[in-house]
Amino acid sequence: MNSVALDKIGAADFERFRSMFYRKTGIHFEDSKRYFVDKRLHERMKATGHTSFKGYFTYMRFQASGEEFQNLVNSMTVNETYFFREEYQFEAMTREIMDELDGYRPAGEDLRIWSVPSSTGEEPYSIAIYLIEYWKGLAHRDVELISSDIDSNVLASAKKGLYSKRSVQNIPLPLVKKYFKEINGQFQLSEDIRESVSFTLANILSGSNMKQFRHFDLIFCRNLLIYFDDESRKKAAHVLYDAMKPGGYIFLGHSESMSRISSMFKVRKFGDVIAYQKPLAGGA
Amino acid sequence: MGLKKKVEPIADVSDDFEEKREHPRTKEQLISDLNSSDSDVRRWAVRDLSGQKDAHDAFIYRLPQEDDPTVIEALFSALEHDMTQSHASQVITMLKSEHVQLRNGAIELMQQNPDIFAANVNLLMHDEDPDTRIFCVDIIGAVAHIDAVNWLHQFALNDDNENVVGTALDKLAEIADVSTLDILQTVESRFPNHNYIQFVISLIRNQVRNADE
Amino acid sequence: MKTVMIVDDASTVRMFHKMLVTSPDRIIEEAENGVEALEKAIGTNVDLFLVDVNMPKMDGYRLCKEIRLNEALRAVPIIMISTESANQDAERAYQCGANYYMTKPVDADTLKSVVSAVIGGEANE
């Protein structure tokens, strides 16, 4: 089959598409991202058998299942995992949030952190390293780190803790030397750090199974909700809300926002970093 | 002190969790929990009832009486799935509520259920309250139904209220097609001195004419 | 430079109001609903909010209350804009902390002059 020439996407069409995408996701594409966006639109046009953008837009906009729109969102979202990804969130955690949480809880009560999805472990282990390196409160307060994923293969890999050079390249060299052992071009995470994260299999949308995830002070739920449709996103927001103690915080991925999902959480900002807080008991 | 060593499997089970096991959580108990004075209990009851048959009626009944925003959100979220036409009429009455969150929840629910909305769109289009008609247009603006453009055209051509027409034009800015060009002149002449309406009409004309075919 | 944040779920209304109040000494920010407005406004400098009442997720009344609860933003003027013309809605807006209340369709000259009165400067003609 010959490849069919796809229409170039004109400025007016791009404008309408951009406006619709922003309305639904809160993500705004700068003009400078034209190439990136057009490429992916063309990929989806091809995959769905549309040569005209108008045809594709109509198909995608009015499809009752919303499946194609989700496919489009997925293709727009780059999801590579590596250590210290979106590091400014870990900074906000150790610089301000942990101290604030520490102030809420009585002495002796653990602070509990949940990282979901764990994927291959870079996120929960990043949290562990950051806490040890940068949060002084660890001297008087125990922290429990739990991480979940729906994929058991990925969990197995996370438990092993063996990483590529690419995965650790964002970590300052002294920390790489401190926490990893280089073996044949790969990086083995120290047993101490591996032992500090409890990994579990979980599907955040599975209903009753999720009820055992409770009493978290801090949740990292980055680049998960963006893959869900509207209905599932809202359900997930409730699971996350119920999993938190009052005053607890949640981080989403950098291109994600509660503004298209739920208004249950209080918007808080630490510098430029947005975190969402479950209201403290007795008030918003 | 420090990072705790992992435990497998996860050991913690909350006190609440155990407590609830002692009282058998029958459907009747859960429905009764919907009226608990504790909003956490109410929210958990909604979650536990989700997906159960006949729960929808209990949710819809509870909504107008509920004042906690998190429980209202939970109720609407639980209603999204498996909504039926009989529920729709009750949801539609919420469009007239004084309570903004109930109205917004009703709008979203309709947006997620295009066929049920389509069965009710004519009724809403002719509602005597212009605000209700605006909410109808808001639903159309996000609903995935192929008649959306036609409905918006009908509003733009026939509604007497400038804000209703303005809202319809705003939604058309996203989904207008060449057939919209045919009606714009008429709409323009209906509201000749209206700055915003003239602005959006001009915008739509440019967009549709410059769109690639 | 003065920053005006326009909060409305209708993209063309935002465009229209932006067109009316824009000027070289003003930065115009936009948000689609109250949650997004807070995400963008908290921790930044905002000199004036133009807030629509009916928005998804978080409506204008609630946004007003949240703005007034925020220490840094609590004194920022808020112009509430609504399609509802009943008097009690203006009353409600003031109770939530709005400083001005206008009904749609907003008269262009009125909007321009109120904005100029609040933050100074003049919109482009």
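Proteins get letters first, then strands, A, B, ... in listed order; numbering begins at 1 in each. Nothing here was measured: the structure is a model prediction, and the numbers come from that model.
Interface summary for chain C: among S257(A), S19(A), S259(A), the most heavy-atom pairs under 4.5 angstrom belong to S259(A). For the set K65(C), K57(C), M58(C), R62(C), the entry with the most heavy-atom pairs within less than 4.5 Å of chain A is K57(C).
Smallest separation of non-hydrogen atoms from I250(A) and M244(A): N-CE, 4.0 Å.
Taking the six-membered ring where tryptophan is involved, the planes of F265(A) and Y241(A) are perpendicular, since the angle between them exceeds 60° and thus also 30°. Using cut-offs of 30° and 60° on the angle between ring planes, the pair F216(A) and F213(A) is parallel.
Under the 3.5 Å distance criterion, with hydrogens and angles disregarded, a donor-acceptor pair is assigned to the side chains of E39(C) and Y276(A).
Only the backbone of S262(A) comes within contact range of chain C, with at least one heavy atom under 4.5 Å from a heavy atom of that chain.
By the 4.5 Å heavy-atom criterion applied to side chains, M76(A) and F36(A) are counted as neighbours. Looking only at side-chain heavy atoms (C-beta outward), I67(C) and C64(C) stay at 4.5 Å or farther from each other.
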Point to revise | Worked verdict on K40(C) versus M5(C) for side chain to side chain contact (heavy atoms under 4.5 Å, CB included) | key: CA-CA 9 Å; K40(C) 287 183 168 171; M5(C) 181 168 293; 3.7 Å; yes
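Among residues 267-275 of chain A, the residues having any heavy atom closer than 4.5 Å to a heavy atom of chain C are, in sequence order, V267(A), K269(A), I274(A).
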